[in-house]
Each structure stands twice: as structure tokens, then as C-alpha cells.
Amino acid sequence: MSDHSDNEEDDDYRYGIDLDDDEYDVRPTVILMGLKRSGKTSIRKVVFQKMSPNETMFVESTPRITKDRICSSFINFETIEFPGQMSPFDSELDARATFKTCGALLFIIDAQSDYNDAMTTVADYFVEAWKINKAIKFEVFVHKADGLTEESRVETKFHIYHAVREMIKDKLEYNQENVDSITITYHLTSIYDHSIFEAFSKVVQNLVKQLPTLERLLDIFNQGSNVTKSFLFDIVSKIYVATDSEPVEMNIYELCCDMIDVTLDISSIYGSGDNKQPFDDSSAAIIRLRSEQVLFLRQINKHLALVYIMKEEHFDKQGYIDYNFMCFKEGIEKVFLMKNKNGIRDS
């Protein structure tokens, strides 16, 4: 199967609220870069276009700059993918215009190939982009990590981190700048597990100005309802816009993602209504686990859902939890209304 979107002048995958062209011009961007065949297009299609990971084997290399609009209640940005053979700093391109609205710059490194050239390119691109916009969040996806052993994953990430840091240090010292001026976050990712969604969630959270408020609301809900862990998910992409202040355990995150998939599948088949949305603001689901825990999904609106896990012993206080959820939902709606009222865009 070929990548049909490469033949369109400007890919536009919208879900949620429509924006006019003026808003589109100023929305923050997430730029994806990497050498050829590093997995940029596959990541974009799996995360934002619901493509099955197995289908990506037939996706052709991107021959030109590709843009997607991502629009939801709190997720409101544009992705720009640069072909591996093209530098955003080529003389015929306007690098300043590209990076002045950049919220996050992602560089994808294929962990299963020789990545020496990739590390050099990371250092070059990040330093040049930082000179244009010092507010950019720099991210490196050490990708295709599923093909490595656990020991090799750690060693590869460690090696890339230190090699890139030394390269950037040399470049910045030449300009009398400190290497710590550029902060880079590294993620081990694969499209064949939930790691790519978890990594992209971290990237998106950097674009959400309301993140501290959302985290506080989740903490209050957890404490009042004896909830172990909670996530505020964007349903379409399975990116979590926020979570509580407790550390994220990958197995719990994977359970929550699986619950979204199961609920979406069942709602699509057996749900009522003529619209194309399988969810509405009254949708909910409960799954009891063998581990004496209970998973809940409660829809906030057509974009966002609260997914949380708690011990089964606290399940008998369902009415109390329902009341706390309504308070939480009202809090989210107030944050969203204030966001629209003030004209705040996530950046």
C-alpha cells in the first residue's frame, strides 16, 4: 500500500473543532526529522491516523515536506515532517519561518542501523534551530527499539545521549554558550508497542499550558475517590494530555490504552446514533481485572476521556465516585472555557 497522502498538496486530517486559516498560521508545530527510513512517516500514521503497525511496512518514503493538522480540545498543533534527504536549513527554505512557531522538534534515530550520521545531524539541526527559537522543546526518539535486547536499548540510548551532548558542547563552546542551554529529552520508542504513544504524550504535554492545572485536578479526583492512577486521554490518538503526579507505570498505561481500543471497537459495532463518533459525553465503561482492580473510562466530551484504575475494595463507593467525577468534569470544562475566552493556544 502506498502512502497516498504524499500526492496531496497539503495533508489535512482534522478531527474536532475546525480552525480558520489565521489560527492555522499561528498554531505551534511539532517538527519530525530524521534520516531516510528512520520511521518518521510510520510514527505519524500510527499515532494520528490509526494505521496498523503492520501496514506501515508498505508505506513509501516521504518525498516532500508533509503537514498534518491535529485538533482536539487541548491538542491543537500542526505536525511537519521533513524528508530524510532534505535539510530544513537549505538556502531555498525559510528556516526562520519554520522554527519560529515550533513547539517541539523531534529527531527520529533508527536504533537498528548505523546512527553515527544521525547523531551528527541531530547536533547540527538542534543547535541551528535553538539559535532561531530558544523556546523549542528538543526530543530524540531512539526508534525501532523493539528489535534490541533490554541491555542494548539502555546502552544505545546512553551512547547517543553522550555523543550528541559532546557534539553540541563543541558547537556551543565555539559561540561561548553552555551545553546545558539546550535540553534534550530521549525516548526509546517502537510502533509495535505503546512506547510511541507514551513518548508522544510527553511531547504533547509540553504544548499544553494548562498542564499544571489538569494535573492538580487529577490529583484531587484521585485523593477523593481512592483512585490509584488516572489519565486524561485524547481518544482518537491515545495520547494522554495529562496524568496525576504519581509516576507512570508502563503496565498500567498499557492497560488504559487497551481499554480505549476495546471500548472504541464495541461502541463502533453496537453503539447507537447516526453520527460517526462512537462516543458522546455520557459514554462510560468498566472492566474488572483479575488483579482485584477495576478500570474505568468516563467520557469528558467527544475528544477527551478520563481513564483510571482503582482497587476493587473501593468500588462499592460508586455514587461518591460519580459525584467526584462530575466535579472533575466541571473543572475541566471551566479550564477549557477559560482557554477559549482568553484566546490561549497551547504552545
**Prompt:** How many angstroms lie between CD1 in I196 and CG in L188, if you round to the nearest 0.5 Å?
**Reply:** 11.0 Å
**Request:** Quick one: pull up OG1 in T66 and CG in L32 and give me the separation to the nearest 0.5 Å.
**Result:** 10.5 Å
**Prompt:** For the residue pair V142 and A111, what are the closest heavy atoms and their distance?
**Reply:** CG1-CB, 3.7 Å
**Message:** Salt bridge check, E246 against K229: does any charged N sit closer than 4.0 Å to a carboxylate O?
**Reply:** no
**Pair F89 and F82, ring centroids less than 6.0 Å apart** = no
**Message:** With a 6.0 Å cut-off (strictly less than), is the heavy-atom count around NZ of K311, excluding the residue itself, greater than 12?
**Reply:** no
**Asked** Is there side-chain contact between D234 and V204, with heavy atoms separated by less than 4.5 Å?
**Response** no
**Request:** Look at the rings of Y240 and F233 and say which category their plane angle falls in: under 30° parallel, 30 to 60° tilted, over 60° perpendicular.
**Result:** perpendicular
**Prompt:** What pair of heavy atoms forms the shortest contact from S42 to T56, and how long is it?
**Reply:** OG-CB, 3.4 Å
**Fill in**
Shortest non-hydrogen pair, H314 vs M310, comes out as CB-CE, 3.4 Å
**Prompt:** Could you go step by step and tell me if D146 and R153 meet the salt bridge (charged side-chain N to carboxylate O under 4.0 Å, His left out) rule?
**Reply:** CA-CA 9 Å; D146 55 291; R153 292 182 189 184; over 6 Å; no
**Item:** Of F138, F141, F107, F200, the residue whose pairing with H187 passes ring pair (Phe, Tyr, Trp, His ring centres under 6.0 Å)
**Value:** F141
**Prompt:** Any side-chain heavy-atom pair from I191 and V47 closer than 4.5 angstrom?
**Reply:** no
**Prompt:** Would you say I220 and V227 are hydrophobically clustered, going by side-chain heavy atoms of ILVMFWY under 4.5 Å?
**Reply:** no
**Message:** What's the separation between atom SG in C256 and atom CG in D261, rounded to the nearest 0.5 Å?
**Reply:** 11.5 Å
**Request:** Test side chain to side chain contact (heavy atoms under 4.5 Å, CB included) on N206 and T185 and set out the steps.
**Result:** CA-CA 11 Å; N206 287 326; T185 305; 5.8 Å; no
**Prompt:** Could you walk me through whether Q318 and D322 pass the side chain to side chain donor-acceptor pair (under 3.5 Å) check?
**Reply:** CA-CA 6 Å; Q318 187 61 40; D322 289 343; 3.0 Å; yes
**Message:** Less than 4.5 Å apart, side chain to side chain, heavy atoms only: is that true for L306 and S230?
**Reply:** yes
**Request:** Could you pull out the closest heavy-atom pair between D180 and N178, with the gap in Å?
**Result:** N-OD1, 2.8 Å
**Message:** Quick one, V122 with I160, criterion side chain to side chain contact (heavy atoms under 4.5 Å, CB included). Give me CA distance, side-chain angles, the key distance, then yes/no.
**Reply:** CA-CA 10 Å; V122 168; I160 292 174; over 6 Å; no
**Message:** If you count every heavy atom of other residues, nucleotides or ligands that lies below 6.0 Å from Q85 atom CD, does the total exceed 12?
**Reply:** yes
**Message:** Any non-hydrogen side-chain atom of I43 less than 4.5 Å from a side-chain atom of L106?
**Reply:** no
**Message:** Hydrophobic cluster membership, with links at side-chain heavy-atom distances under 4.5 Å among I/L/V/M/F/W/Y: are F315 and F328 in one?
**Reply:** yes
**Asked** Would S291 and Q293 count as a side chain to side chain donor-acceptor pair (under 3.5 Å) if you check the C-alpha gap in whole Å, the side-chain angles of each, and the deciding distance to 0.1 Å?
**Response** CA-CA 5 Å; S291 58; Q293 293 176 303; 3.0 Å; yes
**Item:** Counterpart residues, salt bridge (Lys or Arg N to Asp or Glu O under 4.0 Å), relative to E254 (two or more places apart)
**Value:** none
**Request:** Decide if the gap between the ring center of Y253 and the ring center of F197 is smaller than 6.0 angstrom.
**Result:** no
**Prompt:** Can you check whether E92's main-chain N or O pairs, donor with acceptor, with D90's side chain at less than 3.5 Å?
**Reply:** no
**Prompt:** When hydrophobic residues are tied together by side-chain contacts of less than 4.5 Å, even through go-betweens, does F158 share a cluster with M167?
**Reply:** no
**Message:** A side-chain contact here means heavy atoms from C-beta on lying under 4.5 Å apart; do L218 and F231 qualify?
**Reply:** no
**Prompt:** Heavy-atom distance under 4.5 Å between the side chains of F99 and L105, does that happen here?
**Reply:** yes
**Message:** Measuring only between side-chain heavy atoms, which start at C-beta, is P83 closer than 4.5 Å to I65?
**Reply:** yes
**Test: R44 and E81 ion pair at under 4.0 Å** = yes
**Asked** Taking atom SG of C257 and atom CE of M250, what is their separation to the nearest 0.5 Å?
**Response** 7.5 Å
**Prompt:** Is it true that D258 and K238 make a salt bridge, defined as a side-chain N closer than 4.0 Å to a carboxylate O?
**Reply:** no
**Separation between NE2 of H194 and OG1 of T189, rounded to the nearest 0.5 Å** = 14.5 Å
**Request:** Show the numbers, then the answer: is there a side chain to side chain contact (heavy atoms under 4.5 Å, CB included) between V140 and V164?
**Result:** CA-CA 10 Å; V140 171; V164 170; 5.9 Å; no
**Request:** Go through the steps to decide whether I332 and L232 satisfy the test side chain to side chain contact (heavy atoms under 4.5 Å, CB included), and finish with yes or no.
**Result:** CA-CA 10 Å; I332 293 293; L232 188 62; 4.0 Å; yes
**Request:** Taking salt bridge (Lys or Arg N to Asp or Glu O under 4.0 Å) as the test, write out the residues that go with R37, two or more places apart.
**Result:** none
**Message:** According to a hydrophobic-cluster definition based on side-chain heavy atoms being under 4.5 Å apart (Ile, Leu, Val, Met, Phe, Trp, Tyr only), do L35 and I80 belong together?
**Reply:** no
**Message:** Suppose we call two aromatic rings close when their centres sit under 6.0 Å apart. Are F325 and F296 close by that rule?
**Reply:** no
**Asked** Would L93 and F126 show up in the same hydrophobic cluster when neighbours are defined by side-chain heavy atoms closer than 4.5 Å?
**Response** yes
**Asked** In Å and rounded to the nearest 0.5 Å, what is the CD1 to NZ distance from I31 to K67?
**Response** 9.5 Å
**Item:** Distance-minimising heavy-atom pair for S225 and N324
**Value:** OG-ND2, 2.9 Å
**Asked** Heavy-atom distance under 4.5 Å between the side chains of S87 and Y125, does that happen here?
**Response** yes
**Request:** Heavy atoms only: give me the nearest M33-P88 pair and the separation to one decimal.
**Result:** SD-CG, 3.5 Å
